[in-house]
Amino acid sequence: MKRQVPIERLRNIGIMAHIDAGKTTTTERILYYTGRSYKIGEVHDGQATMDWMEQEKERGITITSAATTCSWKDHIINIIDTPGHVDFTIEVERSLRVLDGAVGVFCAVGGVQPQSETVWRQAQRYKVPRIAFVNKMDRVGANFFNVISELQNKLSANPAALQIPLGKEDTFTGVIDLIDMQAFVYDETSKGSNYETVAIPEEYRELALSYREKLIEALCDVDESILEDFLNGESIDKDRIKNAIKKGTQSLTLTPVLCGTAFKNKGVQPLLDAIVDYLPSPVQVGSVTGKSTDGQDITRRPDDDESLSALAFKVMNDPYVGQLTFVRVYSGMVNVGDTVFNSSTGKKERMGRLVRMFADKREEIKILYAGEIAAVLGLKNTITGHSLCDIANPIILESMDFPEPVISIAIEPKSKADQEKLGGGLARLSMEDPSFRVHTAQDTGDTLISGMGELHLEIIVDRLRREFGVEANVGKPQVAYTESITRSAEENLKYAKQTGGHGQYAHVVIKVEPLESGTGLDFVDKITGGVIPKEYIPAIKKGIDEAMHVGPCAGYPVQGVRVTLLDGSFHEVDSSEMAFKICGSMALKNALKKAGPIMLEPIMDVEVVSPVDYIGDVISDLSSRRGKVLGMDTRSDVRVIAGQVPLAEMFGYATGLRSLSQGRATFTMQVSHYEPVPTNISEHLKVSRGGQLYG
């Protein structure tokens, strides 16, 4: 069966931004103007199509990335609307991993805010071409040109304005197109569906000519023929300008900037035109690279005739149909009922049903082609980051990095009936969300749930109650401390146990070193000459892995350690995998005690936006929370304080800040890095956890 729309006319894009910049409102307008929805849903009314979860409707924020499909000018656009709150940054991460382009939405008043920087860096890491849309041009204090300079200074982007605003704040009536050199004036009565193309008003002509020249100058770096004509003073036609913008956008050397106000229905159609004109199709993105089962690099072209390669990037629990697995197909095609190979687990999976998603609504499809995004029902053992492919031609695609949780709470069921449902609910939710973890505290036996912030865990508990019918008591939030080491150390350990019959014997020599990156465990095998047989090496690594879960200071997980297996010996009769696993675990515990263990705590980047009257009190309060103020900026009539504060000191900060500022100041925070815990606090934590102090 042939596809209806050629792959060249397919766009897979994400809408990303800081919280409250207007992503969901922009997406709602896109759905309305493309005919996908017949009425405009508003976030503040709880009626937005893309914010379909009860928790999203109540809070007026996006929590989970929602996918939908629409068409514009004979192109199919798959859109993923991502959350802006830092607690749900994993949703942005996994969406950007499979998208070909993105629209960064920026508030014309707030400019480049902290989470804008985070999502921009994520897009940069996955080499995703972007368009910037400066939203809320009708708001008091809106400044389009200020946002452009912030894009340059804060994000190191190379912004190229394709439009400038016609009017500002309450006089914003439309946009001036710098390519066609004409103005679009929007009709207030038609919900933005009708707009008039008029000549640029005389008072804006000079500004428009100045910014058109800046646009051409930016394109000179992309296209040498434009540079030549520009220097010779020759005119450059529209098609060449658009081709150069497309080339610059897709090579990540240029970021086109447009403006409008989604809420007031102005500027959205030119944004749709820009998505179609400048963001790449799967063909323009090119081949995907993965690994074969023996570790060799292999590539697959975005073509229906190629072997199948697809990546599962999101798992969602649907109360009506069960588990939905969202997949992006990079090459080949797959039919309903096909058996595919999960190269990440080595197991076969059957494609039960294929559905195209429109937020929480589904449309059954029979076949999924190269470049497309859809959801699959019936996959049993496939989770986020797994690769699906042909059984005959396996490929393992690059997975994703998931952030470590920074906050934990204890949870216990209220009744025996709730206890059984709690386990199942937590298992389903942790399968959906890789940044959410469940574990048991070894010292107390409590069930601990860990996540990216207080709101993240609040939503999890709310979902347990609503979706799984679990009533639970929840403890106070706790910081997810970690442990590490400050110096190298070696450990030579023999584990020998004699029982009746075969004994247990294992001998390992290991060296531990601190890692700069602070990530988990880096295990290096330097055994030569078969002094330890190869089949025992995985058992040693497993023992070391398990020992990393409980640190020597206060029993917190250990991070940022390289363990090198240097030497050892074995006994032909008494050695076993179990003996080497126990030996590896004991050796690591001993080595960590010698290596100057320390406790680390998460440090948060905090940005406080406050009226000038309360600045002194806000700074003084941050200092009392062990915070460091890194700088202060002026944004229209408010001050923006940037600082770093330990997460342990930030519980209840929202209430404290409201009290200090009579409810007029706001703040955002996100994890920056980990730092050693001050000695007096680490001593207290060791005592409270029943830990022991090691030198």
Side-chain angles (χ1 to χ4, degrees), residues 404 437-446 448 450 480-499 501-515 517-528 530-600 685-686 689-695:
E404 287 296 318
R437 311 279 166 84
V438 183
H439 57 283
T440 304
Q442 293 207 345
D443 46 356
T444 61
D446 290 341
L448 296 178
S450 306
Y481 293 99
T482 62
E483 301 186 20
S484 194
I485 55 174
T486 54
R487 57 178 183 260
S488 301
E490 280 195 23
E491 175 67 10
N492 184 338
L493 189 124
K494 275 186 185 167
Y495 172 71
K497 206 169 182 184
Q498 197 61 47
T499 53
H502 286 314
Q504 296 279 2
Y505 178 88
H507 171 214
V508 298
V509 181
I510 62 166
K511 180 184 181 184
V512 294
E513 303 164 88
L515 275 179
S517 63
T519 48
L521 166 70
D522 179 21
F523 179 76
V524 182
D525 174 16
K526 285 201 173 170
I527 293 297
T528 54
V531 291
I532 297 175
K534 275 204 167 97
E535 62 265 29
Y536 295 140
I537 306 294
I540 297 170
K541 184 176 186 296
K542 194 173 180 189
I544 287 169
D545 256 333
E546 287 179 8
M548 290 279 286
H549 293 306
V550 182
C553 293
Y556 289 104
V558 181
Q559 294 280 333
V561 176
R562 174 178 287 124
V563 180
T564 308
L565 181 58
L566 300 171
D567 201 359
S569 62
F570 73 104
H571 188 279
E572 286 192 1
V573 177
D574 291 348
S575 286
S576 66
E577 286 189 6
M578 180 56 73
F580 272 103
K581 182 183 161 190
I582 294 167
C583 187
S585 178
M586 290 168 65
L588 183 73
K589 285 178 181 174
N590 292 349
L592 291 175
K593 292 174 194 175
K594 299 177 186 173
I598 51 166
M599 288 180 60
L600 301 172
L685 286 165
K686 288 169 190 172
R689 293 267 297 189
Q692 300 171 49
L693 178 62
Y694 297 105

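These numbers come from a predicted model, not from an experiment. What you see below is based on every heavy atom in this structure, not just the backbone, and it leaves out hydrogens, waters and symmetry mates.
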**Q** Name all residues meeting the salt bridge (charged side-chain N to carboxylate O under 4.0 Å, His left out) criterion together with Asp522; count only those two or more places apart in sequence or in a different chain, and write none if there are none.
**A** Arg562
**Q** Going by heavy atoms in the side chains, are Lys541 and Ile544 under 4.5 Å from each other?
**A** no
**Q** Salt-bridged, Lys542 to Glu577, with N to O below 4.0 Å?
**A**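 A salt bridge is absent here (no side-chain N lies under 4.0 Å from a carboxylate O).
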**Q** Counting only heavy atoms from other residues, nucleotides and ligands, does the tally under 6.0 Å from CD of Glu572 exceed 12?
**A** no
**Q** Taking side chain as C-beta onward, heavy atoms only, is Cys583 less than 4.5 Å from Val508?
**A** yes
**Q** Under 3.5 Å, is there a donor-acceptor pair between the side chain of Gln559 and the main chain of Thr482?
**A** no
**Q** Could you check whether His507 and Asn492, counting side-chain N and O atoms only, form a donor-acceptor pair closer than 3.5 Å?
**A**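 Yes, because at least one side-chain N or O of Asn492 sits under 3.5 Å from a partner of the opposite role on His507.
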**Q** So how far is it from Thr528 OG1 to Asp567 CG, rounded to the nearest 0.5 Å?
**A**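 Here the interatomic distance stands at 7.5 Å.
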**Q** For the backbone of Glu513 and the side chain of Ser488, can you confirm whether one donor and one acceptor N or O come within less than 3.5 Å of each other?
**A**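 Such a contact is absent between Ser488 side chain and Glu513 backbone.
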**Q** If you round to the nearest 0.5 Å, how far is CD1 of Ile510 from OG1 of Thr564?
**A**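 Thr564 atom OG1 to Ile510 atom CD1 measures 9.0 Å (nearest 0.5 Å).
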**Q** With respect to Phe523, which candidate in Asp545, Val561, Ile537 satisfies the side chain to side chain contact (heavy atoms under 4.5 Å, CB included) definition?
**A** Ile537
**Q** Show the nearest heavy-atom pair for residues Val558 and Pro552, with the distance to one decimal.
**A**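 Nearest pair, atom of Val558 first, then Pro552: CG2-CD, 4.3 Å.
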**Q** Could you walk me through whether Lys497 and Ile582 satisfy the side-chain contact (heavy atoms from CB on, under 4.5 Å) test, starting with their C-alpha distance in whole Å, then the side-chain angles of each, then the deciding distance to 0.1 Å, before giving a yes or no?
**A** CA-CA 11 Å; Lys497 206 169 182 184; Ile582 294 167; over 6 Å; no
**Q** Kindly assign one of parallel, tilted or perpendicular to the pair Tyr536 and Phe570, based on the angle between their ring planes and the thresholds 30° and 60°.
**A** tilted
**Q** How close do Ile532 and Ser569 get, counting heavy atoms only, and between which atoms?
**A**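 Heavy-atom minimum between the residues: CG1-N, 4.0 Å.
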**Q** Can you give me the closest heavy-atom contact between Ala489 and Ala591, atom names plus distance?
**A** CB-O, 3.8 Å
**Q** If you round to the nearest 0.5 Å, how far is CD1 of Ile527 from CG of Leu565?
**A** 4.0 Å
**Q** Of the non-hydrogen atoms in Ser484 and Gly560, which two are nearest, and what is the gap between them?
**A**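 Closest heavy-atom pair between Ser484 and Gly560: OG-O, 3.6 Å.
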**Q** I need the Leu493 CG to Lys589 NZ distance, nearest 0.5 Å.
**A**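 Reported to 0.5 Å precision, the distance equals 11.5 Å.
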**Q** Show, in sequence, the C-alpha distance, side-chain angles and deciding distance for Met586 and Glu491, and conclude whether the side-chain contact (heavy atoms from CB on, under 4.5 Å) test is met.
**A** CA-CA 10 Å; Met586 290 168 65; Glu491 175 67 10; over 6 Å; no
**Q** Using 0.5 Å steps for rounding, measure from the SG atom of Cys553 to the CG atom of Leu592.
**A** 9.0 Å
**Q** Can you measure from CG (Asp574) to CD (Gln504) and round to the nearest 0.5 angstrom?
**A** 7.5 Å
